[in-house]
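Shown next, in structure tokens, is the structure this report addresses.
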2 protein chains.
Amino acid sequence: MATIKDVAKLAGVAVSTASYALNNSTRISAATKQRVEEAARTLNYKKNGIASDLKRTRTNTIALILSDLSGPYYSELIKGVQDVTTANGYDLIACSSIGGPQSTAVKFLREKRVDGAIILANNISDQITIESAQEGFPLVVLDRDIKNKNVYHVEVDNEHGGYIATEYLIHKGFRNIAYIGGPKDSNDNKKRFRGYLNALKEHNISAYSNLNSIGNFTREGGYKATKLLIARGELPEAIFYGNDEMAIGGLQAFKDHQITIPEDISVIGFDDIQLSEYVSPALTTIKQPKYEAGALAVDLIFQIIEGKQINEKYTLSTELVERNSVK
Amino acid sequence: MATIKDVAKLAGVAVSTASYALNNSTRISAATKQRVEEAARTLNYKKNGIASDLKRTRTNTIALILSDLSGPYYSELIKGVQDVTTANGYDLIACSSIGGPQSTAVKFLREKRVDGAIILANNISDQITIESAQEGFPLVVLDRDIKNKNVYHVEVDNEHGGYIATEYLIHKGFRNIAYIGGPKDSNDNKKRFRGYLNALKEHNISAYSNLNSIGNFTREGGYKATKLLIARGELPEAIFYGNDEMAIGGLQAFKDHQITIPEDISVIGFDDIQLSEYVSPALTTIKQPKYEAGALAVDLIFQIIEGKQINEKYTLSTELVERNSVK
DNA sequence: CTGTTAGCGCATTCAA
DNA sequence: TTGAATGCGCTAACAG
């Protein structure tokens, strides 16, 4: 494996000259540059990026920590991250936090292998996040609240989203509205539920018997929770599912029982995942500004890298998407 | 930022001792080890992974090169890659090849930042792939044929897949079968088309007027190609779309024109993406063994790293998934 | 415009 | 069991 030394030797110049030539420094004459490039080509020289990074004490890359590289896929959000990173001339790598402390994600978080990181991974502990955050290593968290120096936070307004979902159902004339929620320890879920309660309270409507923290944010969870609801025999007029996956599971359960949506019962979800447009009926839901969240997250990283002072928390707003699952 | 020197100083030992202690060498007494670990903790020491990698001349990580981190999402394939990588104690990072020669992917491919790479990115040129392949840097390509030393190749049998798709339609009694294809320069597309032609020829059926390389493998491309077909006025009895995305676009176009599937015309796709199960009607398609392909790809990397001799090409077979889009 | 040289932070060899 | 010394490959300050 040829190193820059070999290239320099073959070109008959000093190592530094070779380095300058290869890195497009202006201080090198065209002739020398040519010679060095030619030498590099004949030796099939490839620079060792690791050595380069070590020397410069920066990597020019940002890590995106995901709970699982194989999905669930926050496509829009990643697009936002990707676009802004590229626009700033940085590189982006994605890694998974499967495996907890042994995971690739933790390795990258801990070992200064990147210049900053964005975390969108519920399976990474707050502790690891806090331990990794340091002066000069900006960390932006997207899916939780962490109060800690050097940890910044972008979130969508889940509470208000829960509020407008419920408000919408109330405006449609429903009074008996159930909330089928996700995991108890999910921050997003808590906030959506709170929004739901607030909207009800504002209209002096009492909440439907609690089905929070039963659906687990999965399609299957939504299916089972809905089956349970049906088995109880007292269906509400409308259901607000904590996320679209659960709502889609619910749609399936209703279909199994010949209950038609939205004629018999109205359904609203949360997230606006791609699938929600394709299920039948198309799912009315709350859309999150995912692209913007991703873009903002990286933008914050760059601001911190540039030494600017920024807030430790940013909140983006949600929006109703009307489709066909509410009567 | 504390380095290992600082830790050693605080613990009152030599740097090497600190290194051994931190890396669980047996040659360090328990007492010393404790002292070093404590020092590391109080200084909030984090090792510099880059320096470590440079010294050891290996990174213990594999790169997965994708055309775009934000999808299209080869979920199953990535899962295969991920599982096997983790099982071998290696780390996995994903990076995108958007931006061509300036992309993160190329940087990782060229600069020895990883111990091996798997390429699933149509937007990376053969030339870059070939240039990057070297002794000691195994490269596995998943979406094209490259004949070159040190480049290995895992593919699904697209030709046979195209064959069984067409064969299936013929068996259902159709004679007038169109193929709507993807990009002209796509290897997968070429092979699927060839399989289509072979099946027709075997039954002495002539091909429908060529619509190959019109659909671009995108939903929108499939939509437009189908619109064109409809505008022509002479609909075939059945259509074989080069991939599911295009087929789904086609379904939409037919819906726009009140043409019902499969009553009026039969449709078959290729890939078995997640969505194909949810569209209406559910899409009959050809399933690729994606998980296996991903798993095999990494497995090959490890075999090469271990110095074993392997074939330069592996082919996996496809399978028909019957749903409701063929009459 | 080009060459000499000192580290970047760490792991590891060799002596003690 | 520990410590001193070396160098992984590269960049950049400095000198010429």
Side-chain angles (χ1 to χ4, degrees), chain A residues 1-40 43-61 107-108 110-115 134 136-137, chain B residues 1-40 43-61 107-108 110-115 134 136-137:
Chain A
M1 201 70 301
T3 75
I4 199 169
K5 275 187 194 161
D6 304 316
V7 175
K9 195 185 289 174
L10 181 61
V13 298
V15 183
S16 62
T17 306
S19 174
Y20 286 131
L22 261 12
N23 290 299
N24 298 316
S25 167
T26 51
R27 41 200 292 189
I28 298 291
S29 70
T32 311
K33 191 173 152 111
Q34 279 248 341
R35 209 140 34 87
V36 172
E37 280 170 350
E38 174 124 4
L43 291 173
N44 193 21
Y45 166 75
K46 303 274 180 277
K47 93 155 148 189
N48 185 320
I50 295 178
S52 171
D53 283 352
L54 176 60
K55 175 63 190 177
R56 324 171 64 153
T57 59
R58 47 179 288 219
T59 64
N60 223 261
T61 111
K107 174 170 151 184
F108 275 78
R110 284 225 169 110
E111 301 182 358
K112 302 178 203 144
R113 291 168 181 280
V114 286
D115 295 345
Q134 312 186 18
F137 185 64
Chain B
M1 202 69 297
T3 75
I4 200 170
K5 274 187 195 161
D6 304 315
V7 174
K9 193 185 291 174
L10 181 60
V13 298
V15 180
S16 62
T17 307
S19 174
Y20 285 131
L22 260 13
N23 290 298
N24 299 316
S25 166
T26 51
R27 41 201 293 192
I28 299 291
S29 69
T32 312
K33 191 172 150 110
Q34 278 249 339
R35 209 139 35 86
V36 172
E37 281 171 348
E38 174 125 4
L43 291 173
N44 192 24
Y45 166 76
K46 304 272 181 279
K47 92 155 148 190
N48 184 321
I50 295 178
S52 173
D53 283 352
L54 177 60
K55 177 66 190 177
R56 325 171 67 149
T57 61
R58 49 180 285 221
T59 63
N60 222 261
T61 111
K107 173 170 152 184
F108 274 78
R110 285 224 169 111
E111 301 182 358
K112 301 181 204 141
R113 291 168 180 280
V114 286
D115 295 344
Q134 312 186 21
F137 185 64

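On a predicted model such as this, the values are computed, not experimentally measured, just so you know.
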Quiz item: Nearest to the side chain of A:L54 - C:dG9, D:dC8, D:dA15?
Solution: C:dG9
Quiz item: What integer distance in Å separates A:N60:CG from D:dT11:C1'?
Solution: 15 Å
Quiz item: With sugar-phosphate meaning primed atoms plus P, OP1 and OP2, does B:D53 contact a base, only sugar-phosphate, or nothing at under 4.0 Å between heavy atoms?
Solution: nothing
Quiz item: Should the heavy atoms of other residues, nucleotides or ligands under 6.0 Å from CD of B:E38 be counted, would the total exceed 12?
Solution: no
Quiz item: Taking atom C1' of D:dC8 as reference, at what distance in whole Å does atom NZ of B:K112 sit?
Solution: 11 Å
Self-check item: Atom-to-atom span, CD of A:Q34 to C1' of C:dC1 - whole angstrom
Solution: 16 Å
Self-check item: Value in whole Å for how far the P atom of C:dA11 lies from CD of A:E111
Solution: 9 Å
Quiz prompt | Closest heavy-atom pair and its distance - A:K33, A:N24 | solution = NZ-OD1, 2.5 Å
Self-check item: Contact nearer the 5' end of DNA chain D, comparing A:T17 with A:M1
Solution: A:M1
Practice problem: Just call it for B:I28: base, sugar-phosphate, or nothing, with non-hydrogen atoms closer than 4.0 Å on any strand. | Solution: sugar-phosphate
Quiz item: A:K46 side chain to B:K112 main-chain N or O, any donor-acceptor pair under 3.5 Å?
Solution: no
Exercise. Could you check B:G12 against B:R56 and say which one's nearest nucleotide on DNA chain D is further toward the 5' end?
Key: B:G12
Exercise. Verify the contact: side-chain N or O of A:K47 to OP1 or OP2 of D:dT11, cut-off strictly under 4.0 Å; return yes or no.
Key: yes
Quiz item: If each of A:A30 and B:S19 is mapped to the nucleotide of DNA chain C with the nearest heavy atom, which maps nearer the 5' terminus, i.e. the 5' end?
Solution: A:A30
Quiz item: What's the CD1-P distance between A:I50 and C:dA11, to the nearest Å?
Solution: 14 Å
Quiz item: Rounded to whole angstrom units, what separation is found between the NZ atom of B:K5 and the C1' atom of D:dG3?
Solution: 15 Å
Quiz item: Should B:S52 and B:K47 be marked as a side-chain contact (heavy atoms from CB on, under 4.5 Å) after you check the CA-CA gap, both sets of side-chain angles, and the distance that decides it?
Solution: CA-CA 8 Å; B:S52 173; B:K47 92 155 148 190; 3.8 Å; yes
Practice problem: Start with the C-alpha gap between B:E37 and B:L22, add the side-chain angles, then the distance that decides, and say whether side-chain contact (heavy atoms from CB on, under 4.5 Å) holds. | Solution: CA-CA 7 Å; B:E37 281 171 348; B:L22 260 13; 4.3 Å; yes
Quiz item: Does NZ in A:K9 sit with more than 12 non-hydrogen atoms of other residues, nucleotides or ligands closer than 6.0 Å?
Solution: no
Exercise. Using atom CG of B:N23 as one end and atom C1' of C:dT13 as the other, report the distance to the nearest whole Å.
Key: 16 Å
Exercise. Have a look at the helix from C:dC1-D:dG16 to C:dA16-D:dT1 and give the angle its two end axes make, five pairs each, rounded to 10 degrees.
Key: 40°
Practice problem: May I ask you to check whether A:T59 and A:D115 show a side-chain donor-acceptor distance below 3.5 Å? | Solution: yes
List every contact pair, protein side and nucleotides 4-6 of chain D side both N or O, where the distance is under 3.5 Å.
| residue | atom | partner | partner atom | Å |
| --- | --- | --- | --- | --- |
| D:dA4 | N6 | B:S16 | OG | 3.2 |

Quiz item: A:S29 side chain N/O closer than 4.0 Å to the phosphate oxygens (OP1, OP2) of C:dC1?
Solution: no
Quiz item: Rounding to a whole Å, what distance do you find between B:R27:CZ and C:dT12:P?
Solution: 10 Å
Quiz item: Under the side-chain contact (heavy atoms from CB on, under 4.5 Å) criterion, do B:K107 and A:T61 qualify, and how do the steps go?
Solution: CA-CA 11 Å; B:K107 173 170 152 184; A:T61 111; 3.4 Å; yes
Exercise. Give a yes/no answer on whether the side chain of A:T3 brings an N or O atom under 4.0 Å of OP1 or OP2 in D:dC8.
Key: no
Quiz prompt | Test side-chain contact (heavy atoms from CB on, under 4.5 Å) applied to B:R58 and B:D53, step by step | solution = CA-CA 6 Å; B:R58 49 180 285 221; B:D53 283 352; over 6 Å; no
Quiz prompt | C:dC8 phosphate, OP1 or OP2, under 4.0 Å from A:T57 side-chain N/O | solution = no
Practice problem: Look at the side-chain N and O atoms of B:N48 and state whether any lies under 4.0 Å from the OP1 or OP2 oxygen of C:dC8. | Solution: no
Quiz item: Can you list the residues that meet the side chain to side chain contact (heavy atoms under 4.5 Å, CB included) rule with A:K5, with sequence neighbours excluded?
Solution: A:T3, A:V15
